[in-house]
Every structure is written in C-alpha cells, then in structure tokens.
Q: 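Please find one structure pasted underneath; my questions will follow.
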Amino acid sequence: MHIDDPHDWPGASADDVTAALAKAGFGDWAVSEKDLAVFLDALGTGDPALSDREFLLARRLDGSFSLALDAGKQAATLSVCPPQGGREVSSEQVLQAVAAQGIVHGLDEDSMRQVVQAGARARTEAVIAVATLPVHGNDTVFESLVPQARQRMPYIDEHGRADYRNLGDVPQVSVDTPVMRRHPATPGTPGTNLLGQVIPARPGRELAFSSSLRNVRLSPDDPNVLLSTISGAPVVVPRGVLVEESLRVDRVDLSSGNLNFEGSVVIRDDVIAGMKVVASGDIIVNGMVEGAILEAGGDIQVRHGVVGQLQHHEDGSHHKVRPTARLKAAGTVSAHFLENAWVQARDVVIHEQVFHSQVSASHAVIVGGQGARKGQIVGGLVRARELIECLLLGSPSGPHTQVVAGIDPGLRDRISELDQRIQEQNRLADELTRTVHFAKQHPERVAADFLRRAANTLAEAQAHIRELEMEKEALVAQQGRCQSACVLVRQRIFHGVEVFVGDRSRRIETEVMGGLFRLSGGELILDHAAS
C-alpha cells in the first residue's frame, strides 16, 4: 500500500486498514498482523516522508491441504484449508497426493470430494480412506447337548443377563447319551491396508476336550462328540462335560459319620452340628444345615436354612469370632436363609435373610428371591467382586453391616496372607542381619562355622521374601478393580450400614430409600432412581 498523504489517516486503527483493503478489492487476501503493526506504527509518527514508502499488508494465498496416514496404514485423514485470494484446492491435487503416498485400497472418492468442496469455505478435516480390517477366527466352541445340565457358573443369555434364581432340577442322562459337541476353531479372514498389503487374521485357538473328564467317551462316529458312559447327572465344566454319580443319604449325623465323596451328595433331611460333608460335585440338602461344614466342587443347595453359632478363639495376638456353620463351593451356594454362617462361593443366592454372617463371592451375592418377604442383609460382612443385591440393607436397630463390592474376596484374602508372611520373613531377616553383624564384630564369641551358617540362612530368608513379593505383585495385578461393580438395594437402607465399592466407601447415618451404589468419575454415588 502506498500513502499519498499521511494526514488522510489520522488515528487510523487496524479495522480502518482492513476496511480499506476490502474496499480496494483485497478483503479475502491474507493480512499479516506483523506487517499491519509496522504500518500503523509508521502512521503514528506523522512523518511526511511516508508518502514515498510502500507497505506490504496483504498476500494472495492458494488453498492448501495435508494427507496423513496413521501408523498402521489403516486410515488416511485429509485436511483442507480455504484459499485467501488464491486458487482453491482441487480433487485432482488430492488424487495426486493419494497416488504419491501409495494408497491403492479403501479410498472413498465421494468423501474426498466433499471435503475438498467444504474446504473451499472453511478448514475441513475427515477420514477419506479406511482399510479392510481382518476378521479374526473363532476359538473352539464347546456346545452342551444337554440344555438343562448344571453349570459351574450362572447361565448368561444373549443380552448378557444372568439368571441367579432359577437353579432348576438335577438332570439325568443314560448310557451313550450325547452330552457335548466340539466345534473346531476357524482360521479367520485376512484384511487389506491402504497400501494394498495383507493384514493377517488371527486364527482361533484350537482347544481339545479336557483330559480330566469323568464317565464320558468320544463317539466312535464323530470324535467331536462326547457320549455318557454311565447313567447319572451331567455337569458342564470348562472344555467338556462330566457325568456324576450321586450319593444319597437320609441325614448326616453320628450314624452316618462325615462324608467325603467323589461325585454329588443328596441329603434327604438335615446335616447336624459338628458334621462335615465334602463332595467333588454338588451337595443338595433338603433340610437344614446346623453348625456343620460343607465343601463342594460344584454347587451347594440348602432347601431350608443354615444356622450356626459364633465361636470365640485366639489367633496369635488377635481375638477372632468364627461361625460354626461353614459352606464353601466352587459354584453357587443357595439357601432360604443364613444365620451366623461363613460362606464362600462364586455366587451366593439367599431367598430371605443373611443375618450376622460372613459371605464372600467371587461374582455376585443375591438376597431376596421372587416372593421373598424380607430379602435382607443384617449385620456381618458381605463381599462380592461384581454385584451385591438385596431388598433391605441393615435394620432399624442399626447393627454394623458391611457390604463390599468390586474386589475379589479370595484374592484379597490371599494378598493379606502374603503381607503377613512377608512381615514375618522381614523380622527374621532383620534378626539374622543383626546376628551376622555381631558374629563379624566378635568372631571369638561364636563357633567357627557359625558366621557361614547364619549368612546362608539370611540369604535364604531374603530369597524367600523376594518370592513372596513377586507372588503378591502378580495377585495385585490380577485383582485390579471391577469398574462395573455395584451394590443394588431395592427398598430401604438403614443406619449403621457401611458400603464399599472398589476403594471408595460410604456410611449411612440415617434411613434412606433404596438405590444403586456405583462408581462414577472415581466417586461412590447412590442412585435412588435405579432401585
């Protein structure tokens, strides 16, 4: 721009200059803020010699674009900037860049042209080429041919809903009944990246039937089908089905003695106090369990209730209370009610009430079946990794009631045990370190080989500490935190209740309506609308 008379620009501003450029036909050109500032400074001097100077204030710029491929050559992003007084980006320019980058697969030319057109008016960015991703193969699938067969975990439907309440009857099969079909793994379909290169597909894992199955054999007509070799109860286990024989007794008392059976146990009446029943399969009790111990490799079903007493005993320097009724199952423990009981299982399903009990589930605890009058957890400690659900939590009398969700109880107990052992070994190592130091300072006061033996014992203790710490680190990494864990109370929550989800807690001081305790943004919230 050339100035004829500086006095024609008294008190000129950047807006004035911009308006002048637009009036002169340069309104869409690129204006340099730096050059504009130099021009305005020169005007401010009022020097008559300015009429002999020229200032560069605007430039004509063509539109520009960039084409970027991601690291895996699976997507290309086009970014287009509009021109400023110059020429627009053309589709032909972009196609030349596409060819220069070697893109021969996955280009969407319609999308590309839309980006180019929109980029003539404003900066526009979009993905214009996408690779064909591989379809990975499926792992071997094991299909149960006995739909009503019991499983070691709750049945999950196609919507991801688990049915914790409908346990069903114990099914039976006869000899040579097909119980499972094995569907071999599939190889998958490879994909193609933008450069036309093959993206390999991951083949599915080929898995054989488990080698530890009982009472089944491969069909002579089809090696992918299992047949029952006895009449019994089929149970679905990982990579197979086993058929269990059942031991049936009237009751477990002094007349029967303790039971330890390889298979399932069906008890027609009660299990009395002080008795113990161990089964590799299921334990089904059609009466009560009174202060007894039950351990099952499958499920434990108690038609009525489980009632124990609290025994006080000393464990080292600690005073502990231990329930006499103790149930442990690899699958599900179900009962009408629990009172002063200790229960550990994958899932725990109680119809009416859990009263002053210690319950741990690696998956879920459900209290309150269809038609339940109470569905209540009162006192004690209830823990589950994913879900705790009940109708009422606590009671009006306010006993201390703890529920903990989001941490695997078994792993947590094992980590606590390892912590205690590490502390004991550290104390031993400290004593040995002091002993070795004393022996080095006073060799005349110890036996000739004492220092060597003490140093070797110290090295063994330190090595043991490292092993325990490595085991603890592995368990901590395995445990993690279940982000979807929650506690669902459908009706009322009473004072004296303490709720933990993951590493967050909340204590209930006054009675409130039910709701869903869950983590949101790292905080524990109670959503009343979810009850």
Q: Please check if the side chain of T433 supplies one atom and the backbone of A429 the other of a donor-acceptor pair under 3.5 Å.
A: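 The answer is yes, because a donor-acceptor pair under 3.5 Å joins these two groups.
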
Q: About how many Å separate OG1 of T401 and CG of L381, when rounded to the nearest 0.5 Å?
A: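 It is 10.0 Å, given to the nearest 0.5 Å.
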
Q: Please tell me if the side chains of V249 and S256 come closer than 4.5 Å, counting only heavy atoms from C-beta onward.
A: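 Not touching, per the 4.5 Å side-chain cut-off.
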
Q: As a quick check of understanding, evaluate side-chain contact (heavy atoms from CB on, under 4.5 Å) for L294 and V265, giving each step before the final call.
A: CA-CA 11 Å; L294 277 62; V265 175; over 6 Å; no

Q: Is it the case that the side chain of N193 and the backbone of K73 share a donor-acceptor pair, with hydrogens and angles ignored and the cut-off at 3.5 Å?
A: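 Checked: no pair found.
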
Q: I need the minimum non-hydrogen distance between L524 and V499, along with the two atoms involved.
A: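 Result for this residue pair: CD2-O, 3.7 Å.
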
Q: Provide the full list of ring-ring contact (aromatic ring centres under 6.0 Å, His included) pairs with a residue in residues 247-302, sequence neighbours left out, each pair given once.
A: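 Not a single pair qualifies under ring-ring contact (aromatic ring centres under 6.0 Å, His included).
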
Q: Would you say the side chain of F337 lies within less than 4.5 Å of the side chain of V307, judging by non-hydrogen atoms?
A: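 In short, these two side chains touch, coming nearer than 4.5 Å.
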
Q: In plain terms, say whether D269 and R303 are close enough for a salt bridge, that is, a side-chain N and a carboxylate O under 4.0 Å apart.
A: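 Answer for the salt bridge query: no.
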
Q: Step by step, work out the side chain to side chain donor-acceptor pair (under 3.5 Å) result for H356 and E339.
A: CA-CA 6 Å; H356 291 291; E339 180 177 340; over 6 Å; no

Q: Can you tell me if S255 uses its side chain to pair, donor with acceptor, with the backbone of D253 under 3.5 Å?
A: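 No, the answer is negative, given that no donor and acceptor are paired below the 3.5 Å cut-off.
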
Q: Answer yes or no: is there a donor N or O on one side and an acceptor on the other, between the side chain of H528 and the main chain of M513, under 3.5 Å?
A: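 It does hold such a pair.
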
Q: Would you say T186's side chain and N138's backbone share a donor-acceptor pair under 3.5 angstrom?
A: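 Indeed, once roles are kept as given, a pair shorter than 3.5 Å links the two residues.
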
Q: Test side-chain contact (heavy atoms from CB on, under 4.5 Å) on T132 and H105; report intermediate values, then the result.
A: CA-CA 8 Å; T132 300; H105 179 81; 2.8 Å; yes

Q: Whether the side chain of R182 engages the backbone of L207 through a donor-acceptor N/O pair (distance < 3.5 Å, no angle test) should be reported.
A: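 Yes.
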
Q: For the rings on F500 and F517, is their centre-to-centre separation under 6.0 Å?
A: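 Not under 6.0 Å, so no.
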
Q: Calculate, to the nearest 0.5 Å, the distance between atoms CG and CD1 belonging to L338 and I350 respectively.
A: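 Nearest 0.5 Å value for the CG-CD1 distance: 3.5 Å.
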
Q: By side-chain contact (heavy atoms from CB on, under 4.5 Å), which residues pair with I525, not counting sequence neighbours?
A: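 Residues passing side-chain contact (heavy atoms from CB on, under 4.5 Å) with I525: R518, S520.
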
Q: Does any part of the side chain of V354, heavy atoms only, come nearer than 4.5 Å to the side chain of Q376, both counted from C-beta?
A: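 Side-chain contact under 4.5 Å: no.
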
Q: Can you tell me which residue among N260, N258, L259, I293 is in a side-chain contact (heavy atoms from CB on, under 4.5 Å) with V278?
A: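 Passing option: N260.
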
Q: Would you indicate whether the side-chain heavy atoms of E511 and H495 approach each other to under 4.5 Å?
A: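 The answer is no; the side chains never approach within 4.5 Å.
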
Q: Give the intermediate values and the outcome of ring pair (Phe, Tyr, Trp, His ring centres under 6.0 Å) for residues H351 and H336.
A: CA-CA 5 Å; H351 187 71; H336 194 71; 5.3 Å; yes

Q: Just wondering, do V359 and R383 contact through their side chains at under 4.5 Å, heavy atoms?
A: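 No, every pair of side-chain atoms sits at 4.5 Å or beyond.
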
Q: How long is the straight-line distance from CZ of R268 back to CD1 of I284, given to the nearest 0.5 Å?
A: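 Taking CD1 in I284 and CZ in R268, the distance rounds to 12.0 Å.
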
Q: Are any non-hydrogen side-chain atoms of W342 and K328 less than 4.5 angstrom apart?
A: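 Yes, side chains in contact.
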
Q: Please report the shortest heavy-atom distance between P234 and V241, naming the atom on each side.
A: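 So the minimum-distance heavy-atom pair works out to CB-CG1, 4.0 Å.
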
Q: Start with the C-alpha gap between L488 and I388, add the side-chain angles, then the distance that decides, and say whether side-chain contact (heavy atoms from CB on, under 4.5 Å) holds.
A: CA-CA 6 Å; L488 176 59; I388 298 173; over 6 Å; no

Q: Is it the case that the side chain of E206 and the backbone of A185 share a donor-acceptor pair, with hydrogens and angles ignored and the cut-off at 3.5 Å?
A: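 Yes: the side chain of E206 pairs with the backbone of A185.
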
Q: Can you name the closest pair of heavy atoms from R506 and L526 and give their distance?
A: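 So the minimum-distance heavy-atom pair works out to NH1-CB, 3.4 Å.
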
Q: So which heavy atom on V179 is nearest to which on S228, and how close?
A: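 Closest approach of V179 to S228: CG1-CB, 4.3 Å.
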
Q: Do side-chain atoms of E352 reach the backbone of R373 as a donor and acceptor pair under 3.5 angstrom?
A: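 Yes: the side chain of E352 pairs with the backbone of R373.
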
Q: Is the shortest side-chain heavy-atom distance between P323 and Q309 below 4.5 Å?
A: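 Not touching, per the 4.5 Å side-chain cut-off.
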
Q: Taking atom CD as the centre, does Q420 end up with more than 12 heavy-atom neighbours from other residues, nucleotides or ligands that are less than 6.0 angstrom away?
A: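 No - once you tally the heavy atoms of other residues, nucleotides and ligands closer than 6.0 Å, there are 12 at most.
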
Q: Nearest 0.5 Å, what's the CD-CD distance between E467 and Q462?
A: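 Answer rounded to 0.5 Å: 12.5 Å.
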
Q: To the nearest 0.5 Å, tell me how far L392 CG sits from I377 CD1.
A: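 Taking CG in L392 and CD1 in I377, the distance rounds to 10.0 Å.
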
Q: Please assess V271 against M288 for the test side-chain contact (heavy atoms from CB on, under 4.5 Å), listing each intermediate value before the final yes or no.
A: CA-CA 6 Å; V271 182; M288 294 275 295; over 6 Å; no

Q: With a 3.5 Å distance limit and no angle check, can you tell me whether T140 reaches the backbone of R205 through a side-chain donor-acceptor pair?
A: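 Yes, T140 side chain to R205 backbone: donor-acceptor pair under 3.5 Å.
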
Q: Stepwise, does the side chain to side chain donor-acceptor pair (under 3.5 Å) test hold for S334 with T332?
A: CA-CA 6 Å; S334 60; T332 299; over 6 Å; no

Q: Say you draw a straight line from CZ of R492 to CG of L391; how long is it, rounded to the nearest 0.5 Å?
A: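 Reported value, rounded in 0.5 Å steps: 13.0 Å.
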
Q: One pair to check against salt bridge (Lys or Arg N to Asp or Glu O under 4.0 Å): R202 and D139. What are the steps and the verdict?
A: CA-CA 10 Å; R202 183 178 63 250; D139 295 345; over 6 Å; no

Q: Do you know the tightest heavy-atom contact between D270 and E290?
A: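 That closest heavy-atom pairing would be OD2-OE2, 4.3 Å.
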
Q: Would a 4.5 Å heavy-atom cut-off, applied to side chains only, mark Q74 and V130 as touching?
A: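 Sidechains of V130 and Q74: no contact.
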
Q: For the residue pair N215 and V243, what are the closest heavy atoms and their distance?
A: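 Residues N215 and V243, closest heavy atoms: ND2-O, 2.6 Å.
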
